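Given the structure is predicted, the values throughout are model-derived calculations rather than measurements. Index from 1, following the sequence. What's counted below: heavy atoms across the whole structure, side chains too, no hydrogens, waters or symmetry copies.
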Amino acid sequence: MPPKAKKAAKTSKGSTASASNKVRTGSAQSGTKRRIVELAQDADAVLSKCRKLREELKRNSDSDQRMQKKSAGGLMKANLKMEQDNDDEVIAVVSNNDNNSNNVIESLQGKSIIEVSEMSPVEVVEAIELIAVQIANQVLQKKGFALEIPSRSASNQIYVPELDRIVLGEKRGTRSFLNVKEARKTAITTRVMQLLHTVLLKKIHITKRDLFYTDVKLFVDQTESDGVLDDIATMIGCTRSNLHVVASDKGLVVGRVSFVEDGDFIDCTKMGVGGKAIPPYIDKITDIQSDAEFVLLVEKEAAYMRMAEDRFYHRYPCIIITAKGQPDVATRMFLSRLTNELKLPVLGLVDSDPYGLKILSVYMSGSKNMSYDSASLTTPDIKWLGLRPSDLEKFDLPEQCRLDMTENDIKTGKELLNEEFIKKNKAWTKELEIMVKTKKKAEIQALSSFGFQYITETYLPQKLMEGDWI
């Protein structure tokens, strides 16, 4: 039997201002009509603390904007400089030596970090052509040619507490065509730049797989061409999406959000039960609108589908997103845009294991592979809603649903306890300590042991009403 959950206070219909009391999901042209989904009568009580969190987020955002204007554009704008090397290559760096920055980034100890920024297709084309001219000049001087590329090695990945994300350090390396060990990688780099130049001039997007198949004999393996894409982005100083090369669709979104995608209006409440695939062309999304109270970020597709089919987003107005496990670039960028433009709090629902926390950390602080573009890919201050180790006892999860952690799980958990993003949050540290001590883990689907719809009818409403997130 499921544990007794606290019942949310009932309120009269129409008492909530954020959404209409009934949402008709059927189509006038359809022979059958889907059921009418009502706004939950206890929505005001359940969402009360979530609304307070949203208001706090807005106040903090407004405060940050005022501080940015007062300090000549804030932390990043005050520190961003354009450095020009001997080959006229322009690289965006951050330095804490600027007089306007008041040495805010003390953890860098005077060092610089490389950050990229959004660039138009014309700007990217011009940057590629500039590199081509530099190569031609070197060849004409009979020096062969070499490319200076920011290092993306693990030793050059830095977590900056003041920014709360992983960034790329200032180390750079040289890739020379005259070096036998580097000749092939240099050839791949120049070939990919040539292909990117063509794609940008045609004003189209291609997938990473498309890029690989344009010269299979040279690339041999797709990892070769994929890795070079990131190198070129750091050389130019643009985001990887600015190169117009994307990965296949992976993420999904459903709920109370609409936007225009390349001229087409998309309403994510009317995209079928499974919702809308998050497009890889995030730059083509405009005019994002929503009356949601929060964003629910879900690790597993199975949990996402349960909420989508139950129309949870109508009962408690929200936007539900999943990347089906480890997040892809498009989903991370889409989430970042939602929170920046809509100022909505994000609540994370992941498995109660070390890898669930790792997934949240990628959304919040970024990944090492994409550290150079962490500014546009991260969503700070995601709240951990569940499934947390303490929930196993709080909701009296059956013993057969509590899985034993493997030695590797325990090792990963202990390593996470030393990570900065965990150490800065005492509540997260406490939860992880419970996990490592009990050596037990659980999946979100374990809540189905109380009933298939327990997660949408009891677990989530109770957690939201109590404000039980950390």
Set out, in order, the CA-CA distance, both residues' side-chain angles and the distance that settles side chain to side chain contact (heavy atoms under 4.5 Å, CB included) for L130 and E126, then state yes or no.
CA-CA 6 Å; L130 177 61; E126 289 176 348; over 6 Å; no
Salt bridge (charged side-chain N to carboxylate O under 4.0 Å, His left out) assessment of E341 paired with R337:
CA-CA 6 Å; E341 296 183 26; R337 278 197 61 183; 2.9 Å; yes
Audit row: R152, D231, salt bridge (charged side-chain N to carboxylate O under 4.0 Å, His left out) steps and yes/no
CA-CA 8 Å; R152 296 188 297 108; D231 290 337; 3.0 Å; yes
Check step by step if side chain to side chain contact (heavy atoms under 4.5 Å, CB included) holds for S151 and R172.
CA-CA 5 Å; S151 171; R172 301 184 191 184; 5.9 Å; no
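Checking side-chain atoms of K441 against main-chain N and O of D351 turns up no donor-acceptor pair under 3.5 Å. With R388 contributing its side chain and W384 its backbone, the two residues share a donor-acceptor pair below 3.5 Å. Remark: the backbone N or O of S367 is not paired with any side-chain donor or acceptor of S371 at under 3.5 angstrom. A side-chain donor-acceptor contact under 3.5 Å links N242 to the backbone of M119. Using a distance-only test at 3.5 Å, with no hydrogens or angles considered, a donor-acceptor pair links the side chain of T429 to the main chain of N425. Of the possible donor and acceptor atoms, one in the side chain of E182 sits under 3.5 Å from a partner among the backbone N and O of S176. For the pair T331 (side chain) and D328 (backbone), a donor-acceptor distance under 3.5 Å is absent. Checked by atom type and distance alone, the side chain of E420 never pairs as donor or acceptor with a backbone atom of P161 at under 3.5 Å. The closest donor-acceptor contact from the side chain of H244 to the backbone of I204 lies under 3.5 Å. Side-chain atoms of T339 come within 3.5 Å of backbone N or O of L335 as a donor-acceptor pair.
In this structure, the separation between CG on L347 and NZ on K463 is 10.5 Å, given to the nearest 0.5 Å.
For F259, the ring pair (Phe, Tyr, Trp, His ring centres under 6.0 Å) partners at least two apart in sequence or on another chain are F334. Considering only residues two or more places apart in sequence or on other chains, Y316 meets the ring pair (Phe, Tyr, Trp, His ring centres under 6.0 Å) condition with F312. Every residue two or more places apart in sequence or in another chain was checked for a ring pair (Phe, Tyr, Trp, His ring centres under 6.0 Å) with F212, and none qualifies. For D267, the side-chain contact (heavy atoms from CB on, under 4.5 Å) partners are F265, T269, K270, not counting sequence neighbours. In this view, F145 and F177 satisfy the ring pair (Phe, Tyr, Trp, His ring centres under 6.0 Å) rule, not counting sequence neighbours. Remark: E224 engages R184, K185, I188, D221 in a side-chain contact (heavy atoms from CB on, under 4.5 Å) (not counting sequence neighbours).
Side-chain N/O atoms of T412 and D409 include no donor and acceptor closer than 3.5 Å. When only modelled atom types and interatomic distance are considered, T322 and E299 share no side-chain donor-acceptor pair under 3.5 Å. Remark: the Y372 side chain and the D230 side chain contain an N/O donor-acceptor pair separated by less than 3.5 Å.
Enclosure of atom NZ in K324 by more than 12 non-hydrogen atoms of other residues, nucleotides or ligands within 6.0 angstrom is indicated.
Contact check on K424 versus D164 returns a salt bridge, with a Lys/Arg side-chain nitrogen under 4.0 Å from an Asp/Glu carboxylate oxygen. The residues R256 and E293 are annotated as not salt-bridged, no charged nitrogen and carboxylate oxygen being separated by less than 4.0 angstrom.
In this structure, K358 forms no cation-pi arrangement with Y355, as its terminal cationic atom is not both closer than 6.0 Å to the ring centre and no more than 45° off the ring axis.
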